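Following: one structure in structure tokens, then a few remarks.
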Amino acid sequence: MSEPLAPQYDPSHIEADLYRWWMNQRLFEASGRGKQRYVIMMPPPNVTANLHMGHGLNNTVQDVLVRFERMRGRDTLWLPGTDHAGIATQNVVERLLAKEGKTRFDLGREAFVERVWEYVRQTGATILDQLKAIGSSCDWSRTYFTLDEDLSRAVREVFVRLYEKDLVYRGHYLINWCPRCLTALSNEEAEKEEVDGHLWYLKYPLETGGFITVATTRPETMLGDTGVAVHPDDPRYRDLVGRQVLLPLTDRAIPIIADAAIDPEFGTGAVKLTPAHDPLDFELGRRHKLASIDIFTPEARMAETVPDRFQGLDRAEARKRVVAELQAAGLLEKVENHRHAVAHCYRCETIVEPRLSDQWFVRMEPLAKQALAAYRTGKVRFIPERRGDEYAQWMENIRDWCISRQLWWGHRIPVWYCGNSSCGRIVASRTDLARCPGCGGSVEQDPDVLDTWFSSWLVPFSSLGWPDKTGDLRRYYPGNTLVTAPEILFFWVARMIMSGLEFMGEVPFDTVYLHGTVRDTQHRKMSKSLGNGIDPLEVVERYGADALRYTVVAGMAVGTDLILDPSDLESSFAAGRNFANKLWNAGRFILGNLDGPTRPLAGDYRNVVPKSALGLADRWIIARCDATIRTATEAYERYRLNDAANAIYHFIWSDLADWYIEQIKPRLYGDVPGKDVAQAVVAATFETALRMLHPVMPFITEALWQRLPGRGGASISVAPWPGPDQRASDPAALAQFGLVQELVGALRSIRADYGIQPGLSIRAFITDAPLAGARIFDAERPTIMRLAKLSGLELGNLPEGAGATAVLSDGSAVFVPLGDAIDLDKECGRLKSEHSRLVQQIQSQNGKLANEQFVARAPAEVVDKERRKLDDWREQADVLSQKLERLGCK
RNA sequence: GGGCGAAUAGCUCAGCUGGUUCAGAGCGCCUGCCUUACACGCAGGAUGUCGGGGGUUCGAAUCCCUCUUCGCCCACCA
């Protein structure tokens, strides 16, 4: 570790080596450091997923929090895991099979599931390795998978308990069905999306002659109509209630019924009823005892229940055909454009079909009641707060959760049906059953599996060994923070709160931090299908994990989205890389100026130098460091990670590198008084800065920190978080050095303004300084002269002649004689010719704007622009004439 | 249809409890510099009706109302 550092920071090897070293040290394993616990639960990624920016963001935030708390000395556990992602994973493997020309039915259930396992074993570790590449400090020894034996046992236990409490039931209801995945979906999995559709007005002939017109967005479902409904008070239809309608294209007569659920204002006020394919119609069908006719196959093609000529058509074709036939028969009154919400499968985007079938449900109301109360009593809070309202709203309008899925990949429903028709028992069991416990007859297990979320909602305790009362469970439940994207607030977070309360009696975490979404510059969500994604691993390779993390953390305020440009990684990530390089070089400089490793730089300059030996700049940087500690600590605590990152960035780049290091250079270079002080203070503040930055940029801070003398092979990741220090607070130093900075800035401005050669030293004079100011300038003369490149600084008197002036905030006036700094005649000439050029421009511009034709005909913006140009030039001319005057040009 | 949020520099955004970092940061742009840690750098500079309009206040980017434009969540007007 003592080889000379390269002038450019290269993360590529450093990061991988450090991660390996951290793992060997087992630094991230929960091991009981500290009394206070900090537990954070990773939202389990899909086991076969590849890391995308959403994961990158989510895990960076979690890692920052957990590293911060680990340094604060808490007993931290960041629990990682993956989920089996039933539909998604099964789909992937089915696609692979399709390439071989096979379906899952060709293999059979057992062989297919084995095939999925094989696939998972093959790809399953990748996502976790990718998380390691971005620095995630999880306790990998506790990694779980939702299909692990332990977690599967918990799933069964929960199912059976809920069944015994009558909170799980089997019902014949209309559910969301994905005709591509061939499975039921929960309401949350059927995502509503607004689409431009049509409203068709269909004329249904009345038995007694005449027509009743109904409006529908789905004309093809008319083949399954079993009634027409109107509002009971609707005068248009009062006489028709109870009469029959002859359903076109079929030979059926269906009744007209009255129900208050019908909105007379919409469409014609008459609605066709298809109980098998629409939620409202299903309700009304039950209420009025209408038949229901399922007109679709599972693939959403027309079934045998419709006339021959329609059979086998898919939904879209059937719609065309039905509309065409109705039109031919003169039964299509009109078609209107109509925008409405259509549900899509959240996995494959296919339009969801409402379908009548037997499914298992969780009765949610009792669970939601507790979960809502926990929120209302402040047992769980949301960041940002407004997300809590969404949570509450969902809880208040909770609907039962359809948990059965017609898949093979997942936890099979632990229910057995007795085959003996005289017994017919249905048993939910913790253990596999071979015979019916009632009659001893043969039993058959339910073929369906459970929704993946039915295992995910248990992980805060199932991953810790529940239902066994393990030590882990006692120690790490409940946890503290849950960090996730708002998309899965209902899928996962809300349900975890419910399960935690139901099975553990306590909410699983007290804070839910919902971060934003990663989007491209057009504010579209990054997604594979749009091809606008950024591969975090490519970023790691090109810029380093620290750069990735810095960009993510610094670029995102609480509750806002993270906008990145997929076509220009440089613009997004260069800032992080540059910062890393800056830090690296500051470290390189400091390490190279510490006179070898013998000096005891244990982080506290007080061990080395007495306070009385500190100069103004030393006191200033110590005070700034302390202020930054306070800001950063508070910001981390309040989840304002961007504030913390920016405060530390500013401290390192502006305060430490731009000012303090520049200030101490003369002291470091020679063997002069104050050298030891400068060394001690710069080492101490730099070391503190590394610790503050570590949660955000763990790799480079570790690499530099270990090179500081006296580290003895320890890791910064378990070094103590820097605490604020009363003795470091020094408002006077902040103000006084601020004045020095102001003076140096003013002198530099003058130099740039008047084109003084950068290499040329100049003289400067200060008058009207208040006593205090004068004393500071006098004492800090070497610093000022060096940083502003002066050959002399005089207080009190003003020389004769032309010069430039500036006034500081304390009233001091700065004067720089220009006669000896620049060739006055030449400068005057330059300024004069520039001035006359401007005057000419202004005249011709005046002419242009006086041209009535131009003003009248040109677009308003153009005229405005020209006016602004004129104003600009006038202003520039003013500045020039002032300058000319000050220089005494004639 | 209901609820919520956002609009600030060319771009991405901070700005928390009205007033001492209140008009900011990074990137981009302009000018000058390879000054022995760093050109992934240094120094200097330009850029804003804080979405429009109204109000409250001694004082508003900040609070209220309204309009416009985007976004999010929820919802069985077929």
Side-chain angles (χ1 to χ4, degrees), chain A residues 5 7-9 174 187 192 199-200 214-218 221 229 261-274 278-284 338 340-341 343 354 384 386-387 389-391 393-394 396-397 399 486-487 489-490 516-517 519 521 523 543 547 551 554-565 568 570-572 574-593 634-635 638 640 642-643 646 649-650 653-654 657-658 661-662 665 669 738 744-745 747-753 755-759 786-789 809 872 876:
Chain A
L5 304 183
Q8 204 152 88
Y9 175 60
L174 207 59
N187 292 321
K192 291 290 182 65
L199 197 55
W200 283 269
V214 297
T216 180
T217 54
R218 298 199 60 195
T221 62
I262 303 305
D263 176 4
E265 304 291 316
F266 188 85
T268 59
V271 187
K272 61 191 261 330
L273 295 177
T274 321
D278 180 275
L280 177 65
D281 297 4
F282 174 75
E283 237 351 269
L284 295 184
H338 182 64
H340 61 133
R386 65 192 152 84
R387 295 286 178 184
D389 294 336
E390 284 173 24
Y391 168 89
Q393 201 185 6
W394 186 77
E396 279 163 1
N397 302 304
R399 285 183 294 167
E487 286 98 302
L489 177 57
F490 306 132
T517 308
R519 296 175 186 278
T521 45
H523 294 208
Y543 300 93
T551 299
M556 196 185 59
V558 172
T560 63
D561 288 337
L562 177 66
I563 312 293
L564 298 172
D565 187 349
D568 184 8
E570 188 74 13
S571 73
S572 298
R577 177 205 52 198
N578 295 354
F579 182 38
N581 195 50
K582 182 75 182 180
L583 183 66
W584 181 256
N585 275 290
R588 207 157 70 91
F589 175 81
I590 292 166
L591 288 168
N593 283 287
E634 197 201 330
R638 295 174 63 195
R640 304 179 69 94
N642 57 328
D643 284 352
N646 289 332
Y649 176 95
H650 183 267
W653 200 309
S654 306
D658 288 349
I661 288 182
E662 291 308 321
K665 273 179 178 172
Y669 288 154
V744 170
L747 290 165
R748 284 170 172 172
S749 286
I750 288 172
R751 297 188 68 112
D753 261 9
I756 298 169
Q757 293 285 322
R786 197 183 115 76
L787 297 182
K789 199 154 178 70
S809 62
D872 271 8
Q876 285 174 31

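In the text below, chain A, chain B and the rest are named by the order of the sequence lines, each starting its count at 1. Here the structure is a predicted model, which means the values were calculated and not measured.
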Among [options], the nucleotide that comes nearest once only the side chain of [X] is considered:
| X | options | value |
| --- | --- | --- |
| A:Arg640 | B:A14, B:C40, B:G45 | B:A14 |
| A:Asp658 | B:G26, B:C4, B:C42 | B:C42 |
| A:Thr560 | B:A14, B:C38, B:C16 | B:A14 |
| A:Ile563 | B:C13, B:C40, B:G26 | B:C13 |
| A:Asn581 | B:C38, B:C42, B:A14 | B:C38 |

- Message: Need the glycosidic conformation of B:U21: syn if within 90° of 0, anti if not. Which one?
- Response: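 The base of B:U21 is oriented syn (glycosidic angle within 90° of 0).
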- Should we say atom CD of A:Gln757 is surrounded by more than 12 heavy atoms from elsewhere, each under 6.0 Å from it?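 For A:Gln757, atom CD is not crowded (no more than 12 foreign heavy atoms under 6.0 Å).
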Ignoring hydrogens and angles, tell me if any N or O in the side chain of [X] forms a donor-acceptor pair with the backbone of [Y] under 3.5 Å.
| X | Y | answer |
| --- | --- | --- |
| A:Thr551 | A:Ser572 | yes |
| A:Asn581 | A:Tyr9 | yes |
| A:Arg748 | A:Leu787 | yes |

May I ask you to evaluate whether [X] reaches the phosphate of [N], defined as a side-chain N or O under 4.0 Å from OP1 or OP2?
| X | N | value |
| --- | --- | --- |
| A:Ser572 | B:C27 | no |
| A:Asn646 | B:A14 | no |
| A:Tyr669 | B:A37 | yes |
| A:Lys665 | B:U35 | no |
| A:Trp653 | B:C42 | yes |

- With no angle test and no hydrogens, is the base of B:C40 tied to the side chain of A:Lys582 by a donor-acceptor pair under 3.5 Å?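 Under the 3.5 Å cut-off, the side chain and the base do not form any donor-acceptor pair.
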- Message: Looking at A:Glu662 and B:A37, is any side-chain donor or acceptor paired with a base atom of the opposite kind under 3.5 Å?
- Response: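 Indeed, a donor on one side and an acceptor on the other fall under 3.5 Å apart.
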- d(CZ, A:Arg588; P, B:G41) in whole Å: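 Checked: the CZ to P distance equals 14 Å.
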- Could you please name the partner base of B:U31, counting Watson-Crick and G-U wobble pairs only when both distances are under 3.5 Å?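 B:U31 is paired with B:A43.
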Protein and nucleotides 72-78 of chain B: nitrogen or oxygen contacts under 3.5 angstrom:
unit_1, atom_1, unit_2, atom_2, d
B:A75, OP1, A:Arg399, NH2, 3.2
B:C76, OP1, A:Arg399, NH1, 3.2
B:C77, O2, A:Asp263, OD2, 2.3
B:A78, OP2, A:His338, NE2, 3.2
B:A78, O2', A:Ala215, O, 3.4
B:A78, N6, A:Asp263, O, 2.6
B:A78, N6, A:Phe266, O, 3.4
B:A78, N1, A:Asp263, N, 3.3

